[in-house]
Amino acid sequence: MLKVLLVEDETLVKVGLNSLVNWEEMGFKVVAEGNNGEHGLSLIKEYQPDLVITDIVMPKMNGIDMMKKAKEYNPDITFIILSSYNEFDLVKQAMKYGAWDYILKLNISEESMKEMLINVKEKIVSKNKKIMDENLPIVYDIQSTSIMRQEFLKSILENNFDDRKYIDSKLPSMKLELNEAMMKVGLVKTNLYLSETKYNDKDIKLLDFMIIEILNEIGNEFFNCYFLKLSFGTYAMVFSPELSDKAEVTDEKIKIMGNTMLEMLKKYVNIDAAISISDTYSSYLSLSQALSQAKEAMDILFYKGYGSVIFFDENVEKNLGYRDMKHINLKESLPKAIEICDLTLINSIFDSIIYNIQSAGITKHEIYELCNQTFCLCDIHLGEEWQIDNKALVEDKPVVETVYKLQTLGEILEYIEDYRNRMINFLKKKHEDEKHNLVWGAKKYIISNCMRTPKLKEVADSLNISAGYLSSIFTKYTGMCFTDYVNKVKIDEAKKMLKEGQHKIYEISYLLGYENACYFSKIFKKITGCSPTEFVKNSVNDSLIN
């Protein structure tokens, strides 16, 4: 297998070259990557590659100077030049000094790359008589060391080792360039979970490679860093700050490193992320504690949102305890607003929910519970048609499951707004049906006059339709007859009055227009399953428990 060295100072180009073709299928192995000509030259001497693909314009040493010096060291190395449209003169100079071919960065495609590799492989093999199997042991050693290093660090982070002797026995083969006296753990959490279903196993593998490649490229410009995947969309880094740096200097470097990582992940992979950093630890056995600190610090992500670099000891003001809340009786107000399709009232309720989440300082748990209650009430009272439509829009997942996966306050508020808009649009379509409008009008009239007993003809007259027509469409659109609905509304009002405890049962019966308390109790039990007296007892017990 022929060895390839990539030398390029732009991360995007390197990531693109790595992922564009299956190098091993083509008979090549990318053994190392350089950031500039000086770094590339040292890697050429270390790895003795068969092929070097290099940029021309780079810091410290350009590609042409690197090629000239490398040819002095090993004249058999084959070079391919990466260039831009405005570098033609430099390309001619590179060809003069022995470059085999050149590629325009903007024109790189899978087909052109494969064709070039086939041709250059024939050239290298025929000239140097090197076939791919000769270098397979070397490739295996490089690859396996990297994998073993990641597994070793992951086991330490997950606290799988309690024997220091075992760690010490493994450290020499791991070749870790960490200063054990000064180590930190970072956590990189992305929003990939929002689109998890879009990726197959192959996509995830490629995505992990690209993300770790970007993180590794940036991280090692600041510290000796090692990166590994913890779970889907979440990555860990272990690194050692400089002993000579003061704490504030180290923190500033970490902030710059973290912000650069976040910027590059957004630019090259189009994902949002946040980074949390532990305190400093001085033992490999303490790295699991460092990871726990990084995870604890990442909890602040809920309030700060993506794009943040968070330190464990950071004091974030979350306004908890500030309780200027707008009182909402969701269990009563939201079903009633949906029942009569009062879009203004529904919007007002959602505005109050959003205000309480944003401004009232309620806890993370309370926010999830408030969302859970709101969406469950909506799903129940909007009916089966809404539930079918809503499932199709949210990939057939329960709304509650979707909400609990959201990791930031901003994502939750965005989801609430999206849910509200879908719900309003759903109800507006119902408004286009005149029969729906008549039924809602009848419901509004009954609810507004429930302290007496509205008659069918009275309600029909208020809508300028016949009593027979109202009775027909009311049953069709509500699933219950007119009289049953009137009793349901009255009993709902009775339950509210019983909870308030300001009236006796016979007084409530009289206020709601029933002939006597006995008939009222009979209707109450038919609808609720218990007598008014039992309902009061149950309400008292519930309040004591809560």
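Positions are given from 1, in the same order as the sequence printed here.
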Exercise for the section: Could you please spell out the steps behind the side-chain hydrogen bond (donor to acceptor under 3.5 Å, both in side chains) verdict for E180 and Y281? Expected result: CA-CA 8 Å; E180 189 175 357; Y281 285 83; over 6 Å; no
Problem - Whether N421 side chain and E417 backbone form a donor-acceptor pair below 3.5 Å - result: yes
Exercise for the section: Please answer whether the main-chain N or O of E366 pairs with a side-chain N or O of T363 as donor and acceptor at a distance below 3.5 Å. Expected result: yes
Practice task
Taking the side chain as every heavy atom from C-beta outward, state whether L192 and I211 have any atom pair closer than 4.5 Å.
Solution key: yes
Handout entry: Donor-acceptor contact below 3.5 Å, side chain S509 vs main chain N516
Key = yes
Practice task
Applying ring pair (Phe, Tyr, Trp, His ring centres under 6.0 Å), run through Y469 and F474 and close with a yes or a no.
Solution key: CA-CA 8 Å; Y469 182 61; F474 196 93; over 10 Å; no
Practice task
Taking only Lys NZ, Arg NE, NH1 and NH2, and the carboxylate oxygens of Asp or Glu, determine whether E458 and R452 approach each other closer than 4.0 Å.
Solution key: yes
Exercise for the section: State yes or no: are the ring centers of F524 and Y519 separated by less than 6.0 Å? Expected result: no
Exercise for the section: State plainly whether the residues K255 and D251 are in salt-bridge range, i.e. N to O under 4.0 Å. Expected result: no
Exercise for the section: Measure centre to centre between the rings of F302 and Y368, then say whether the value is under 6.0 Å. Expected result: yes
Practice task
Run the numbers on Q150 and Y226 for side-chain hydrogen bond (donor to acceptor under 3.5 Å, both in side chains), then give the verdict.
Solution key: CA-CA 8 Å; Q150 288 186 31; Y226 297 93; over 6 Å; no
Practice task
For residues 483-493, pull every pair meeting side-chain hydrogen bond (donor to acceptor under 3.5 Å, both in side chains), keeping only residues two or more places apart or in separate chains.
Solution key: E339-Y485, T453-K490, N487-Y514, K488-D492
Practice task
Please indicate whether K266 has more than 12 foreign heavy atoms, meaning atoms of other residues, nucleotides or ligands, lying under 6.0 Å from its NZ.
Solution key: yes
Exercise for the section: State plainly whether the residues K184 and D279 are in salt-bridge range, i.e. N to O under 4.0 Å. Expected result: no
Handout entry: Check: G468 main-chain N/O paired with S471 side-chain donor or acceptor under 3.5 Å
Key = no
Handout entry: Residues, nucleotides or ligands: over 12 heavy atoms within 6.0 Å of Y510 OH
Key = no
Practice task
Determine, using ring centers only, whether F232 and Y193 are less than 6.0 Å apart.
Solution key: no
Practice task
Check whether more than 12 heavy atoms from other residues, nucleotides or ligands sit under 6.0 Å from atom NZ of K229, and answer yes or no.
Solution key: yes
Practice task
Ignoring hydrogens and angles, tell me if any N or O in the side chain of N220 forms a donor-acceptor pair with the backbone of C225 under 3.5 Å.
Solution key: yes
Practice task
Give a yes or no answer on whether the side chain of S240 reaches the backbone of M183 with a donor-acceptor pair at less than 3.5 Å.
Solution key: no
Problem - Whether over 12 other heavy atoms sit under 6.0 Å from K443 NZ - result: yes
Exercise for the section: Check whether more than 12 heavy atoms from other residues, nucleotides or ligands sit under 6.0 Å from atom NZ of K253, and answer yes or no. Expected result: yes
Exercise for the section: Verify whether the ring centers belonging to Y419 and W386 lie closer than 6.0 Å. Expected result: yes
Problem - Backbone N/O of G305 and side chain of S308: donor-acceptor pair under 3.5 Å - result: yes
